[in-house]
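So that the names make sense, note that chain A is the first sequence line, chain B the second, and so on, each numbered from 1.
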Amino acid sequence: MQEVFPLSDLPFRVRFAPSPTGFLHIGGARTAIYDWLLARSTGGQFILRIEDTDRTRFVAESLQDIMDSLKWLGLDWDEGPGARGTDEKAGYGSDPTAHGPYGPYFQSERLDLYHKYARQLIADGHAYYCFCSSERLNAVRTAQEAAKQPPGYDRHCRTLSPEEVQSRFDAGEKAVVRFKMPLKGTTEVYDELRGKLSFENRTLDDHILLKSDGFPTYHLAVVVDDHLMKITHAVRGEEWIASFPRHVLLYQALGWELPKFVHLPIFLAPSGGGKLSKRHGATGLKEYRDKGYLPEALFNFLLLLGWHPSDEQELFTAEEALKVFTVDRINKSPVAFSTDKLDWFNGVYIRKMDPRELSKRCLPFLQESGLLPDPCPPERFEYLVKIIPLVQERLKWLTEISELVDFFLNEDIAVPKKELLVQKKSTPEETHVILQRSRAALAELSEFSHDAMEQALRSLAETMGIKAGQVFMPLRVAITGRTATPGIFETMDALGKERVLKRLDQAITVLN
RNA sequence: GGCCCCAUCGUCUAGAGGCCUAGGACAUCGCCCUCUCACGGCGAAGACAGGGAUUCGAAUUCCCUUGGGGCUACCA
């Protein structure tokens with residue numbers, strides 16, 4: 001069943017062919033990652049092709065979002081809009097060769113090609129013109145449903161004579177082109193993951209190839225383009241399996257050799273029930289970026305959703321994945337899209353990251369919340385680099401950075417509430433004494449260092465006959481306003497003596 | 001409804017007839033570390049959907065049932 005690709009299949013020429021109808025979907029992102037891995041690991045090409053054949057659903061900003069999202073994930077492509085080494089600025093309406101040798105890469109600019117092959121199919125008896133109105137089609141469908149018949153075109157126009165077709169055109173009627181599906185027989189198709197699949201031709205209807213607006217349907221366009229663009233492996237979502245035989249039949253009718261097909265398992269809702277949709281949280285790739293996920297983490301997470309290495313390695317950089325990614329390790333069962341593990345990956349990558357790099361990634365979020373100015377002065381940025389290691393292992397999402405470092409970046413903090421300063425088993429009076437004596441101990445330190453502070457405060461606790469923690473906690477609240485912070489000595493060190501004493505004085509007044 | 005796909009812990013998965021008293025990771029729970037929160041360490045709990053068949057032997061092969069999912073547009 002599972003086939004390991006022989007060397008002769010290399011290199012792979014694969015395409016990612018999104019429809020510009022909205023933002024790049026998380027499922028599409030995984031497909032793109034697999035495409036990219038396959039192309040790059042075999043020395044082949046990765047192509048971006050825009051399937052904009054539905055004019056009613058076209059969203060102009062979508063193309064930019066798709067390209068930005070792919071790049072954010074660290075993917076690059078060889079042909080198509082935005083491809084490296086081509087005129088990356090070129091968009092719609094540019095020279096057909098601007099994005100690579102098999103352009104245009106926008107299907108809306110390849111209409112003459114689809115028309116040419118549609119005509120050829122008609123001439124060869126594999127397709128025909130259909131003049132049925134949508135009203136008639138709806139009526140047919142309704143009747144079929146009422147009669148509990150499987151819905152599908154009733155082939156009303158299949159036997160129209162050439163003369164009648166001509167006269168209808170002469171009368172100004174509009175037509176679509178339909179595929180003339182074989183009435184009997186079985187079509188066997190081969191999926192690289194699932195092996196042989198077979199379909200009874202009689203269960204397939206005469207689907208539309210060319211719409212009345214002159215645009216092709218997916219079925220015609222994908223076959224024509226994959227062939228013309230010399231795609232070796234058509235990698236797409238499992239939702240296409242149902243129309244797989246239509247595509248194979250089209251290849252045969254056109255007399256073309258088939259590429260290999262890989263249908264990736266689809267993403268299900270986190271509960272496993274139903275296809276993943278917006279109702280289950282973020283489905284757009286950019287939403288993950290905005291939620292504070294690292295592209296490295298998302299890449300790693302998506303990589304493992306439907307693919308598994310032969311060993312138990314879980315952490316993969318793109319470079320590492322390139323070395324071991326193969327088609328035969330891709331899974332075929334649907335995947336429940338649960339993000340728990342993504343959260344873990346994010347923490348792992350945050351902890352692994354160089355503090356300066358992490359600071360750069362956090363900067364936009366800090367500027368967003370107003371803790372740092374934009375542009376950020378170098379000395380402020382350097383201070384950020386200094387405190388980042390203190391919160392690094394506590395950061396799970398970049399969006400959390402502000403609440404973790406606000407007391408470092410702000411000169412002053414809000415005066416802590418009395419209830420927060422006084423520990424459960426303590427009293428305002430005792431807390432007052434602790435803070436006052438702590439202040440005194442810290443103030444007289446000649447060297448405001450981690451070790452000096454620790455020594456001074458621990459011996460203070462001993463002198464007072466209380467646990468060290470009973471000193472540290474009120475102190476922590478006094479100087480940060482929070483009960484959960486980095487280590488108290490690291491924190492005071494980063495804050496500096498002046499701010500520490502100032503905040504202590506402020507807290508002490510609360511207890512007076 | 002019809003056609004098709006899929007089926008191991010809650011989730012992602014390892015497993016291609018004996019190596020499985022089914023392994024790992026996330027999540028959960030407990031303990032430890034500890035100035036808080038995290039991190040980290042250790043441990044616990046947790047699955048082969050059911051039934052037949054083949055075989056000396058089945059999570060692994062075949063069939064049926066069940067369950068889940070996809071498609072069923074002049075959308076992709």
Requested in this report: Just jot down the side chain to side chain donor-acceptor pair (under 3.5 Å) partners of A/Q64, sequence neighbours excluded, or say none.
Outcome: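 A/Q64: side chain to side chain donor-acceptor pair (under 3.5 Å) contacts with A/D68.
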Heavy-atom side-chain contact between [X] and [Y] under 4.5 Å:
{"X": "A/W307", "Y": "A/F316", "value": "yes"}
{"X": "A/F215", "Y": "A/D52", "value": "no"}
{"X": "A/L460", "Y": "A/S438", "value": "yes"}

Query - Contact list for RNA chain B against residues 297-307 of chain A - heavy-atom distance below 4.0 Å - result: A/L304, A/L305, A/G306
Query raised in the report: Is there a residue in residues 389-404 of chain A whose heavy atoms reach under 4.0 Å of RNA chain B, and which residues are they?
Result: A/E393, A/R394
Over how many whole Å does the gap from [X] atom [atom1] to [N] atom [atom2] extend?
{"X": "A/F345", "N": "B/C12", "atom1": "CZ", "atom2": "C1'", "answer": "9 Å"}
{"X": "A/Y190", "N": "B/C5", "atom1": "OH", "atom2": "P", "answer": "14 Å"}
{"X": "A/Q455", "N": "B/C35", "atom1": "CD", "atom2": "C1'", "answer": "16 Å"}
{"X": "A/H247", "N": "B/C4", "atom1": "NE2", "atom2": "P", "answer": "17 Å"}
{"X": "A/I479", "N": "B/C35", "atom1": "CD1", "atom2": "P", "answer": "16 Å"}

Query raised in the report: Any chance the side chains of A/R236 and A/H263 put a donor and an acceptor closer than 3.5 Å?
Result: yes
Query raised in the report: Do you see a donor-acceptor pair shorter than 3.5 Å between the side chains of A/T326 and A/D328?
Result: yes
Would you classify [X] as touching base, sugar-phosphate or nothing, given that sugar-phosphate means primed atoms plus P, OP1 and OP2, and contacts are heavy atoms under 4.0 Å?
{"X": "A/S310", "value": "nothing"}
{"X": "A/P245", "value": "nothing"}
{"X": "A/A468", "value": "nothing"}
{"X": "A/R202", "value": "nothing"}
{"X": "A/N331", "value": "sugar-phosphate"}

Query raised in the report: Is a donor-acceptor pair below 3.5 Å formed from side chain A/R194 to base B/C5, judging by atom type as modelled?
Result: no
Query - Sub-6.0 Å ring centroid separation between A/F301 and A/F337 - result: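 Ring centroids of A/F301 and A/F337 are less than 6.0 Å from each other.
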Report the base-pairing partner of [N] (Watson-Crick or G-U wobble, both distances below 3.5 angstrom), or none.
{"N": "B/C48", "result": "none"}
{"N": "B/G67", "result": "B/C6"}
{"N": "B/A53", "result": "B/U61"}
{"N": "B/C29", "result": "B/G43"}
{"N": "B/U36", "result": "none"}

Report task. Sequence neighbours left out, what passes salt bridge (Lys or Arg N to Asp or Glu O under 4.0 Å) with A/R155? Give chain and number order. Result -> A/D206
Report task. Report the residue (A/T483 or A/K148) whose heavy-atom-nearest nucleotide on RNA chain B is the more 5′ of the two. Result -> A/K148
Query raised in the report: Pick the nucleotide of RNA chain B nearest each of A/G469 and A/V335; which residue has the one closer to the 5' end?
Result: A/V335
Partners of [X] by ring-ring contact (aromatic ring centres under 6.0 Å, His included), sequence neighbours excluded?
{"X": "A/Y251", "answer": "none"}
{"X": "A/Y117", "answer": "A/W256"}
{"X": "A/W344", "answer": "none"}

Requested in this report: For side chain to side chain contact (heavy atoms under 4.5 Å, CB included), just list the numbers for A/F408 and A/L384, CA-CA rounded to whole Å, side-chain angles, deciding distance to a tenth of an Å, and then say yes or no.
Outcome: CA-CA 9 Å; A/F408 284 121; A/L384 176 61; over 6 Å; no
Report task. Any chance you could list the contact pattern along nucleotides 21-26 of chain B? Use B for base contacts, S for sugar-phosphate-only contacts and - for none, protein heavy atoms under 4.0 Å, 5' to 3'. Result -> --BSBS
Validation: residues 264-277 of chain A side-chain donor-acceptor distances under 3.5 Å, sequence neighbours left out:
{"from": "A/S271", "atom 1": "OG", "to": "A/G273", "atom 2": "N", "distance (Å)": "3.4"}
{"from": "A/S277", "atom 1": "OG", "to": "A/R279", "atom 2": "N", "distance (Å)": "3.4"}

Query raised in the report: Which pair of non-hydrogen atoms, one from A/P216 and one from A/T53, has the smallest distance, and what is that distance?
Result: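 Shortest heavy-atom separation between A/P216 and A/T53 comes out as O-CB, 3.4 Å.
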Query raised in the report: Ion pair present between A/E357 and A/R361, side-chain N to carboxylate O less than 4.0 angstrom?
Result: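 Counted as a salt bridge, because a side-chain N and a carboxylate O are separated by less than 4.0 Å.
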Show me the donor-acceptor pairs, under 3.5 Å and distance only, between side chains in residues 463-478 of chain A and residues at least two apart or in other chains.
{"from": "A/T463", "atom 1": "OG1", "to": "A/S459", "atom 2": "O", "distance (Å)": "2.6"}
{"from": "A/Q470", "atom 1": "OE1", "to": "A/K467", "atom 2": "N", "distance (Å)": "2.9"}
{"from": "A/R476", "atom 1": "NE", "to": "A/T485", "atom 2": "OG1", "distance (Å)": "2.9"}

Please tabulate the protein-to-nucleotide N/O contacts below 3.5 Å involving nucleotides 69-76 of chain B, giving atom names and distances.
{"from": "B/G69", "atom 1": "OP1", "to": "A/G274", "atom 2": "N", "distance (Å)": "3.2"}
{"from": "B/G70", "atom 1": "OP1", "to": "A/K275", "atom 2": "N", "distance (Å)": "2.9"}
{"from": "B/C71", "atom 1": "OP1", "to": "A/K275", "atom 2": "NZ", "distance (Å)": "3.0"}
{"from": "B/C74", "atom 1": "O2", "to": "A/S212", "atom 2": "N", "distance (Å)": "2.7"}
{"from": "B/C74", "atom 1": "O2", "to": "A/S212", "atom 2": "OG", "distance (Å)": "2.7"}
{"from": "B/C74", "atom 1": "N3", "to": "A/S212", "atom 2": "OG", "distance (Å)": "2.9"}
{"from": "B/C74", "atom 1": "N4", "to": "A/C132", "atom 2": "O", "distance (Å)": "3.3"}
{"from": "B/C75", "atom 1": "OP2", "to": "A/K211", "atom 2": "NZ", "distance (Å)": "3.1"}
{"from": "B/C75", "atom 1": "O2'", "to": "A/D54", "atom 2": "OD2", "distance (Å)": "2.6"}
{"from": "B/C75", "atom 1": "O2'", "to": "A/R57", "atom 2": "NE", "distance (Å)": "3.2"}
{"from": "B/C75", "atom 1": "O2'", "to": "A/R57", "atom 2": "NH2", "distance (Å)": "3.1"}
{"from": "B/C75", "atom 1": "O2", "to": "A/R57", "atom 2": "NH2", "distance (Å)": "3.3"}
{"from": "B/A76", "atom 1": "OP1", "to": "A/T53", "atom 2": "OG1", "distance (Å)": "2.7"}
{"from": "B/A76", "atom 1": "OP1", "to": "A/K211", "atom 2": "NZ", "distance (Å)": "2.8"}
{"from": "B/A76", "atom 1": "OP2", "to": "A/Y218", "atom 2": "N", "distance (Å)": "3.2"}
{"from": "B/A76", "atom 1": "O3'", "to": "A/E51", "atom 2": "OE1", "distance (Å)": "3.2"}

Query - Verdict with supporting geometry, A/W240 and A/F261, ring pair (Phe, Tyr, Trp, His ring centres under 6.0 Å) - result: CA-CA 10 Å; A/W240 292 110; A/F261 289 88; over 10 Å; no
Please produce a list of atom pairs where a protein N or O lies less than 3.5 Å from an N or O of nucleotides 47-50 of chain B.
none

